[in-house]
Amino acid sequence: MSVLIKGGRVITAADDYVADIYIEGEHISLIGQSLDVQADKTIDASGKYVLPGAVDPHTHLEMPWRGETTIDDFESGHAAAAFGGTTTHVDFCIQGKGQTFGEALEIWHGKREGKALIDNGFHIAVTDLKEGGTLEELASLPEQGVTSYKLFMAYKDSLMVDDETLFKTMQVAAETGALVMVHAENGDAIEVLMGEAIAAGNTSPIYHALTRPPETEGEATNRAIQLARVAGATLYVVHVSCKESVEPIAIAREKGWDIYGETCTQYFFIDQSFLEKPNFEGAKYVYTPPPRDKSNQDILWNAVRTNVLQAISTDHCAYLFKGQKDVGKDDFRQIPNGGPGLENRLQLIHHFGVREGRISLNRMVELLCTNPAKLFGLYPRKGTLAVGSDADVIVFDPEKKATISAATHHSRSDYNLYEGTDVVGSPEVVLLRGNVIVEGDKLLAKPGSGQFIKRARPNEELKPQALARAV
Ligand code: URP
Ligand code: ZN
Ligand code: ZN
């Protein structure tokens with residue numbers, strides 16, 4: 001099967017030019033002007049952007065946690081992703097207490113098999129080095145294409161690890177070249193603050209934010225950076241939400257340390273006041289770290305523009321408002337933490353980032369496609385448009401108007417974080433390895449066609465020292 005994408009504006013992290021793209025089988029085989037080739041299918045992309053398929057490095061599909069399981073599985077979550085132009089994601093395989101990493105990975109592979117519509121990989125979330133997984137087993141995972149270790153510094157009731165586990169994992173990563181990812185919040189302090197709030201009768205969703213002050217994120221971010229430095233590991237801080245964690249990352253990077261970070265779409269648009277919505281609606285915005293004071297939004301835009309942060313993910317962790325979030329009606333601590341977002345990242349960052357002049361088109365591609373691919377060992381197979389790369393392509397109509405709504409989204413969640421938001425610009429056609437998986441409002445991908453990708457180690461060229469040399 002061959003496909004010719006004709007006359008579009010080809011945008012990568014580095015380039016912006018009008019060209020044709022010729023795809024043979026699963027790969028891009030030619031890029032050039034007015035290509036003289038015959039193809040089985042021709043897509044007219046004139047007036048459109050042609051972008052690399054987006055890569056989401058942070059999702060939680062079919063994740064059981066605290067008695068609830070996230071509502072999107074590897075089929076519905078992938079449908080949402082595909083409509084949003086995301087063709088590859090890396091999900092968190094969470095080690096259950098007492099489980100080996102191999103056992104956890106087997107369970108997570110079972111979730112994707114026969115369902116996956118887009119390409120996928122796993123980070124391993126280390127929760128237990130005492131009874132389940134061993135350091136030796138952890139060291140063997142990069143050979144299986146699992147090249148990132150995730151640790152939660154919060155959620156004392158479930159996923160949190162102590163500093164010993166964090167540090168030993170960092171030491172293994174320093175040996176194996178895997179990337180260490182941290183959820184950076186001080187879980188002990190938060191546990192005390194939550195207990196005090198409940199004892200004082202403060203049970204509503206706003207207390208989710210008030211018991212997780214930004215300083216608890218800043219402290220844990222700084223601790224993780226310093227420990228990574230001692231261990232000699234490369235660190236990636238997930239879902240950075242506020243000035244208190246942006247600052248230590250900026251300082252570390254100025255020193256040339258191997259520290260990276262992402263923020264997520266929701267932190268640009270949703271602030272702490274959303275948690276005070278009446279009729280328990282605030283529970284829709286209970287995710288962690290919590291929505292912050294609005295002043296942080298400009299700080300985050302500035303951080304992604306200036307490369308203090310290298311990626312924007314979704315942290316898609318979808319629940320139902322009715323039937324799941326409401327288990328926390330009388331106690332904010334019981335509200336399942338997380339929100340949907342896989343489908344709308346590109347639309348929102350394009351509209352409010354690019355159209356409104358906060359970041360360039362090239363930088364948008366870098367943040368949503370190229371850098372996640374480089375950091376998570378998928379580049380140059382994914383994350384760019386180049387001869388030999390997988391033909392993961394978005395034909396994006398920059399003028400198409402859309403209103404974001406749960407009524408039309410493809411997640412199984414019964415609400416959308418951005419309900420009613422008008423955007424200009426949406427994916428029109430999406431290809432995964434040369435196959436059209438979305439065309440207009442039609443989903444053409446077949447369950448089971450998304451592949452597990454064995455990932456390489458992070459790409460050296462992103463390191464602060466290498467960037468400094470390049471300037
Ligand atoms: O609230 C969130 N973010 N839920 C998913 C788990 C995590 O901390 O990423
Ligand atoms: Zn987290
Ligand atoms: Zn997450």
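Please read these numbers as outputs of a predicted model, since none were measured by experiment. Remember, it's 1-based here, ligands and their atoms both numbered in the order they're listed.
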query = What is the ring orientation for Phe74 with His78, classed by angle as parallel under 30°, tilted 30 to 60°, or perpendicular over 60°?
reply = perpendicular

key: Close side-chain approach of Tyr267 and His239, heavy atoms under 4.5 Å   = yes

task = Answer yes when Glu62 and Lys115 have at least one side-chain N-carboxylate O distance shorter than 4.0 Å, and no when they do not.
result = yes

key: Asp157 and Arg333 ion-paired at < 4.0 Å   = no

key: Non-neighbouring partners of Ala456 that pass side-chain contact (heavy atoms from CB on, under 4.5 Å), sequence neighbours left out   = none

ask   = Near Glu106 CD, under 6.0 Å, is it more than 12 heavy atoms from other residues, nucleotides or ligands?
value = no

Contact residues of ligand 1, where a non-hydrogen atom lies under 4.0 Å away = His58, His60, Trp65, Phe152, Tyr155, His183, His239, Tyr287, Thr288, Asp315, Cys317, Asn337, Gly338

inquiry  = Restricting to under 2.8 Å, identify the protein N, O or S atoms around the Zn ion (ligand 3) as residue plus atom.
reply    = His58 NE2, His60 NE2, Asp315 OD1

ask   = Under the criterion salt bridge (charged side-chain N to carboxylate O under 4.0 Å, His left out), which of Arg292, Arg223, Lys243 is the partner of Glu217?
value = Arg292

message = Which heavy atom of Ala79 sits nearest to which heavy atom of Leu443, and what is that distance?
response = CB-CD2, 3.8 Å

Sequence neighbours excluded, every pair satisfying side chain to side chain donor-acceptor pair (under 3.5 Å) that has a member inside residues 367-376 = Lys374-Glu461

